[in-house]
Amino acid sequence: MGGKIVKVEVIHIYSGMTTAAEGTDYTFTDADFFSTVTGTVTAVTVSSDSTEVTKGGTLAFTATVTGENNPSQTVTWDVDGENDNGTTINASGILTVAAGETATSLTVRATSTVDVTKSGTATVTVKALVPTVTAVTVSPNPAETVKSGTRQFTATVTGENNPSQTVTWDVEGENDNGTTINASGILTVAAGETATSLTVRATSTVDATKSGTATVTVKDPVVFIGTQGYESLEAAVTAALGTTATITVKADINAGSITVDTGNTQITLEGDTTERIITGTASTRFTMGGSGSSLTLADKITLYQGGVTVNSGATLVLKTGAKITGVIANSGVRVHDHGTFTMEGGSIENNGDTYNSSGGVAVSGTFTMTGGSIKGNKAMEAGGVFVDNHGIFIMEGGSIENNEASDIGGGVYVYGYGTFTMKNSSVIKGNKSNGNGGGVFVDSLSTFIMENGSIEGNTASFDGKGGGVYLDFQSVITKTGGTIYGSNATPGKANGASAADRGAAVYVHSFIDGCLAHLEKTVSQNLSKALQEDTASELTPANGWTE
């Protein structure tokens with residue numbers, strides 16, 4: 001209608017407060033027919049059904065816009081105070097709180113689209129997810145311990161929303177007030193406890209209706225450090241790590257492999273009133289390591305089937321009354337580089353088999369023997385003692401006897417630049433090889449020093465040579481004392497070698513290519529007595545070789 005000119009015949013036309021006199025011309029505009037009244041906003045109010053929201057949850061908000069002339073209810077939404085980008089609010093006022101939100105309080109803001117200077121807010125508290133507990137598990141279960149012993153238990157709490165792992169501990173079924181369990185889950189059983197079974201219970205601190213239990217069998221202790229009893233040798237050794245301790249075994253027990261790597265752990269293992277046997281398996285070893293650590297096998301203790309390994313920096317001592325026996329397919333004692341073994345007494349006997357090297361002792365460290373016996377051991381090579389890889393074996397006493405090698409070195413096999421020194425009243429006797437060196441086999445570039453003692457009654461059978469001692473190419477022997485002889489006066493059997501072979505007392509592989517230069521004068525001067533080599537005659541007198 002705007003723009004049309006009409007003759008006014010109406011006294012007053014009201015449109016937008018416009019008037020015109022009767023009889024005048026008037027041009028109408030849209031404003032004469034339409035009037036727009038803009039609403040004004042006085043406030044925005046934000047509300048919700050709750051003032052709290054959990055992490056990972058949502059909460060709906062609404063906004064009410066108040067004012068004059070019915071202002072629009074449309075708003076824009078914002079959330080303030082969040083620390084996680086995953087916390088947002090959408091155009092419909094739905095607040096989503098991220099699971100990782102660290103803020104404990106948020107502000108939700110609604111701003112009027114009619115008047116952006118007008119907004120309203122609501123504060124919402126962010127709560128952590130409520131944890132729930134479904135179960136508590138106690139381990140180990142079942143378990144064993146001993147009177148006067150201790151046992152560590154642990155508890156695992158499972159459920160939703162990461163429930164706390166904290167528990168309270170209790171012990172049930174005890175008959176002695178000294179039987180307790182502490183807040184860390186360590187059970188202590190009184191020495192006078194008469195119950196043979198206990199129940200250890202862990203209860204969740206989140207939900208006291210949820211708990212777990214373990215059944216504990218109580219036994220009389222057989223292994224002690226002082227008055228403290230232990231359920232096993234392994235447990236006692238663990239308690240002794242880094243200390244000096246005497247472990248007393250009061251009954252025959254079984255043991256698995258035990259490894260000590262903690263320095264300055266000095267353990268003495270002994271029986272109480274009679275021989276106590278610690279039984280292992282074919283693969284069981286007591287391994288000593290760590291600088292300054294030592295294992296002493298004392299009186300009335302026997303390791304059966306489980307041998308000992310001595311690593312760098314550690315020491316093994318074998319005393320009178322101790323025994324290592326029954327170790328199959330391995331050496332009774334194995335001493336590695338920079339390890340030390342001192343044998344003062346006792347015995348290493350009936351170990352190994354004829355399919356493996358070194359039955360009694362294998363040493364690439366240092367082995368000093370002042371007493372005791374190494375006897376009845378078997379191996380493919382080195383039935384009694386294997387000196388290897390620059391190893392040092394000093395025999396100052398004791399005996400190496402009745403050992404057997406299916407190949408070479410029935411009593412002692414010196415190899416790989418090793419050195420064997422024989423002193424005092426030490427004896428090597430009754431050993432046998434089915435190859436060379438019934439008593440001692442000295443391999444190339446290795447050394448045998450004989451200052452005293454005797455090598456007697458050893459046998460190199462079949463096609464073997466050197467019933468007493470076999471010296472291989474470029475080996476070195478220094479003999480300043482002692483005797484190498486046999487128990488049989490028949491020529492050719494001075495040290496038990498068969499009559500068909502040579503070198504019953506001592507056999508030298510060859511003097512050719514400088515081998516003789518490696519022998520001391522005392523040896524070469526006595527070749528006519530009992531020393532036999534490849535190119536010499538077969539005469540081997542029965543009187544042996546004595547300095």
Side-chain angles (χ1 to χ4, degrees), residues 144-149 217 219-240 245-260 265-288 294-310 316-335 341-353 356 358-362 371-379 384 398-399 401-403:
E144 292 183 353
T145 190
V146 293
K147 298 174 184 178
S148 77
T217 300
K219 297 182 176 181
D220 290 327
V222 293
V223 181
F224 286 83
I225 298 178
T227 59
Q228 176 69 56
Y230 295 89
E231 64 198 58
S232 65
L233 178 60
E234 293 90 334
V237 170
T238 298
T246 296
I247 299 176
T248 304
V249 181
K250 296 192 174 184
D252 293 347
I253 60 173
N254 296 323
S257 288
I258 297 173
T259 299
V260 174
T265 299
Q266 298 174 350
I267 296 172
T268 298
L269 194 57
E270 65 178 11
D272 56 349
T273 59
T274 188
E275 179 188 15
R276 301 302 184 185
I277 300 174
I278 300 172
T279 300
T281 66
S283 60
T284 297
R285 303 294 290 182
F286 198 127
T287 301
M288 290 299 299
S294 65
L295 171 64
T296 299
L297 300 182
D299 191 26
K300 300 182 179 67
I301 203 73
T302 293
L303 299 186
Y304 176 67
Q305 293 186 344
V308 180
T309 297
V310 185
L316 170 66
V317 179
L318 197 67
K319 291 184 172 292
T320 300
K323 185 189 301 182
I324 298 175
T325 185
V327 180
I328 301 173
N330 209 329
S331 305
V333 175
R334 186 169 291 274
V335 186
F341 173 29
T342 301
M343 187 172 178
E344 299 177 3
S347 67
I348 300 173
E349 59 184 72
N350 301 324
N351 301 291
D353 59 45
N356 293 275
S358 62
V361 178
S373 62
I374 299 174
K375 60 185 180 181
N377 302 285
K378 295 181 179 181
S399 66
E401 56 185 287
N402 300 325
N403 301 285

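- At a threshold of 4.5 Å between non-hydrogen side-chain atoms, the residues Ile301 and Arg276 count as touching.
- By the 4.5 Å heavy-atom criterion applied to side chains, Ile247 and Leu233 are counted as neighbours.
- When only modelled atom types and interatomic distance are considered, Gln266 and Ser294 share no side-chain donor-acceptor pair under 3.5 Å.
- Shown here are the ring pair (Phe, Tyr, Trp, His ring centres under 6.0 Å) partners of Phe341, two or more places apart in sequence or in another chain: Phe367.
- Looking only at side-chain heavy atoms (C-beta outward), Leu269 and Ile278 come within less than 4.5 Å of each other.
- Summarising the local packing, OH of Tyr304 is surrounded by 12 or fewer heavy atoms from other residues, nucleotides or ligands at distances under 6.0 Å.
- Residue-environment remark: NZ (Lys319) stays at or below the threshold of 12 foreign heavy atoms within 6.0 Å.
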- Glu231 and Lys219: CA distance, side-chain angles, deciding distance, salt bridge (charged side-chain N to carboxylate O under 4.0 Å, His left out) verdict: CA-CA 8 Å; Glu231 64 198 58; Lys219 297 182 176 181; over 6 Å; no

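- No side-chain heavy atom of Asp272 sits less than 4.5 Å from a side-chain heavy atom of Lys300.
- In this structure the side chain of Val308 reaches within 4.5 angstrom of the side chain of Leu303, judged on heavy atoms.
- Residues Ala239 and Ile225 approach most closely at CB-CD1, 4.4 Å, considering heavy atoms.
- Side chain of Asn377 to main chain of Lys375: a donor-acceptor pair is present (N/O by atom type, distance under 3.5 Å, no hydrogens or angles).
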